[in-house]
Amino acid sequence: MATRIYVGNLPYTIGNEQLAQLFSAYGDVAEASVVMDRDSGQSKGFGFVEMNDDAAASNAIATLNGTALDNRTIRVSQAQPRAERSNGPRRSRDY
DNA sequence: GTTGAGCGTT
C-alpha cells in the first residue's frame, strides 16, 4: 500500500530531495516532490511524499506533523486527490 | 507563502 502525504508550510529552502531524505528516515520514500511555481521555479511552500509502507507513512506523519523545520511549523497529513491533468475541469466559458 | 498540471491559446 502506498500512502501519499501532504507537507505544508515548508520553507522555500526545502527541495524535493531534502523532503525525500526527511521522510526516508521513517521509511522508504517512493516519491517526493516539492511543488514549485511553474513560472518562477520557486517552491510554493508545500510538497508531497509517497511512501510504499503506509505504517511508515503514518508514523512519519504523526512524527513530523507540527514540528518546526527551519523556522516554520510544518503541516504533515495525508494528501487529497489531485485533479486530473489530462482532462481537468475546464473553466473556459464559466456559465 | 498551506493540497501538485498544463495550455502550445481554445
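First the proteins, then the strands, lettered A, B, ... as listed; each starts at 1.
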- Rounded to whole Å, CD of A:Gln80 lies from C1' of B:dT2 at a distance of 11 Å
- Query: Looking across every strand, which nucleic acid part, if any, lies under 4.0 Å from A:Ser43 by heavy atom: base, sugar-phosphate, or nothing?
  - Reply: nothing
- So how far is it from A:Thr3 OG1 to A:Glu50 CD, rounded to the nearest 0.5 Å? 8.5 Å
- Message: Using 0.5 Å steps for rounding, measure from the CG atom of A:Asn59 to the CD1 atom of A:Ile61.
- Response: 9.5 Å
Would you give me the side-chain donor-acceptor pairs under 3.5 Å for residues 18-29 of chain A, sequence neighbours excluded?
residue	atom	partner	partner atom	Å
A:Gln18	NE2	A:Thr13	O	3.2
A:Gln21	NE2	A:Glu17	O	3.4
A:Ser24	OG	A:Ala20	O	3.1
A:Ser24	OG	A:Gln21	O	2.8
A:Asp28	OD2	A:Asn52	ND2	3.0

- Item | Donor-acceptor pair (no angle test) under 3.5 Å: A:Arg82 side chain, B:dT3 base | no
- Query: What parts of residues 14-24 of chain A reach DNA chain B, counting only heavy atoms under 4.0 Å away?
  - Reply: none
- Query: Going from OG on A:Ser77 to CG on A:Leu64, what distance comes out if it is rounded to the nearest 0.5 angstrom?
  - Reply: 12.0 Å
- Give the rounded distance in Å between these two atoms: CZ of A:Phe46 and C1' of B:dG4. 6 Å
- Rounded to whole angstroms, how far apart are NZ on A:Lys44 and C1' on B:dG6? 11 Å
- Calculate the interatomic distance between A:Asp39 atom CG and B:dA5 atom P; express it in whole Å. 11 Å
- Under a 4.0 Å heavy-atom cutoff, the residues of residues 55-67 of chain A touching DNA chain B are none
- A:Gln42 CD to A:Asp37 CG distance, which is reported to the nearest 0.5 Å: 7.5 Å
- At their closest point, which heavy atom of A:Leu10 faces which heavy atom of A:Gly47, and how far apart are they? CD1-N, 3.8 Å
- Provide, to the nearest angstrom, the distance between the CG atom belonging to A:Asn9 and the C1' atom belonging to B:dT3. 13 Å
- Item | Touch class at under 4.0 angstrom, heavy-atom based, for A:Phe48 against every strand present | base
- Position toward the 5' end of DNA chain B (nearest nucleotide), A:Ser77 or A:Arg38: A:Ser77
- Item | Value in whole Å for how far the C1' atom of B:dT3 lies from CZ of A:Arg75 | 9 Å
- Note on the structure: OG of A:Ser58 to CE of A:Met51, rounded to nearest 0.5 Å, is 10.5 Å
- Message: Tell me whether the side-chain N or O atoms of A:Arg4 pair up with the base of B:dG4 as donor and acceptor below 3.5 Å, since no angle test is needed here.
- Response: yes
- Task: Find the distance A:Asp37:CG to B:dG4:P and express it as a whole number of Å.
- Result: 12 Å
- Query: Which atom pair, heavy atoms only, marks the closest approach of A:Asn65 to A:Ile74?
  - Reply: OD1-O, 3.9 Å
- Roughly how far apart are A:Ile14 CD1 and A:Arg72 CZ, rounded to 0.5 Å? 11.0 Å
